[in-house]
Amino acid sequence: MLNGNLLIRIGFGLLFVWGGLEKFIEGFLGGVGLQNMADFLSASGLEFLGNGGNYALGAVLAALELIAGIALLINKKLLYAYGFLAFIMLMALVLVHIPSGAWMNIMIHVTLTLTLAGLALNEKK
């Protein structure tokens with residue numbers, strides 16, 4: 001039977017599978033690629049990790065985003081998937097969207113962060 005939670009999981013799952021893949025493969029699905037991700041992490045205050053450290057961190061974050069998206073699609077480990085993705089959206093909000101001043105993107109990421117956090121709390125019952 002189709003229900004609202006299934007539709008939410010499919011929507012978020014596809015969003016974050018796409019997000020994980022586009023961080024791995026530059027140009028694929030509009031992707032930035034791992035080197036650009038590493039450069040962004042360095043510019044965001046993590047330059048102390050060095051390029052190799054930021055590249056590895058970017059790869060780990062992309063992999064976890066991809067895995068969390070898949071977990072939503074297959075209905076596994078939802079508390080962890082929603083919680084991790086809420087954290088990712090919070091970091092995108094703080095590191096990218098608030099500094100950009102693009103209010104629509106800020107509001108979208110506030111909504112995504114709070115929705116994912118709420119879904120994680122619902123799974124904790």
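For the single chain, residues carry numbers from 1 onward in sequence order.
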Distance in Å, [X] [atom1] paired with [Y] [atom2], rounded so as to fall on 0.5 Å steps:
X: Leu90; Y: Leu85; atom1: CG; atom2: CG; value: 12.5 Å
X: Glu22; Y: Asn36; atom1: CD; atom2: CG; value: 10.5 Å
X: Asn105; Y: Leu93; atom1: CG; atom2: CG; value: 10.0 Å
X: Asn75; Y: Leu6; atom1: CG; atom2: CG; value: 8.0 Å
X: Glu26; Y: Leu34; atom1: CD; atom2: CG; value: 9.5 Å
X: Leu119; Y: Thr115; atom1: CG; atom2: OG1; value: 6.5 Å

Same cluster (ILVMFWY, side-chain, under 4.5 Å), [X] and [Y]:
X: Leu66; Y: Leu29; answer: yes
X: Ile67; Y: Ile70; answer: no
X: Ile25; Y: Val17; answer: yes
X: Leu121; Y: Val110; answer: no
X: Val60; Y: Val32; answer: no

If every non-hydrogen atom of [X] is compared with every non-hydrogen atom of [Y], which pair is closest and at what distance?
X: Ala120; Y: Gly83; result: CB-N, 3.7 Å
X: Leu72; Y: Tyr82; result: CD2-CE2, 3.5 Å
X: Ala81; Y: Ala71; result: CB-CB, 4.1 Å
X: Met37; Y: Gly58; result: CG-CA, 3.8 Å
X: Lys124; Y: Leu79; result: CB-CD1, 4.2 Å
X: Leu73; Y: Leu14; result: CD2-N, 4.1 Å

Hey, could you give me each pair passing ring-ring contact (aromatic ring centres under 6.0 Å, His included) that has a residue in residues 95-125? Not counting sequence neighbours. His97-His109

Does any pair with a residue in residues 22-58 pass ring-ring contact (aromatic ring centres under 6.0 Å, His included), and if so which ones, sequence neighbours excluded? none

Would a 4.5 Å heavy-atom cut-off, applied to side chains only, mark Met89 and Leu116 as touching? yes

Could you list the residues that satisfy side-chain hydrogen bond (donor to acceptor under 3.5 Å, both in side chains) with Asp39, not counting sequence neighbours? Gln35

Just by distance, do the side chain of Ser42 and the backbone of Ala38 share a donor-acceptor pair under 3.5 Å? no

Could you walk me through whether Arg9 and Leu78 pass side-chain contact (heavy atoms from CB on, under 4.5 Å), step by step? CA-CA 9 Å; Arg9 281 196 347 268; Leu78 296 180; 3.7 Å; yes

Would you check, one step at a time, whether the test side-chain contact (heavy atoms from CB on, under 4.5 Å) holds for Glu65 with Ile88? CA-CA 8 Å; Glu65 188 173 335; Ile88 290 292; 4.2 Å; yes

Please say whether more than 12 non-hydrogen atoms of neighbouring residues, nucleotides or ligands are located less than 6.0 Å from CE in Met91. yes

Assign the ring pair Phe12 / Phe16 to parallel, tilted or perpendicular, where the plane angle (0 to 90°) is split at 30° and 60°. parallel

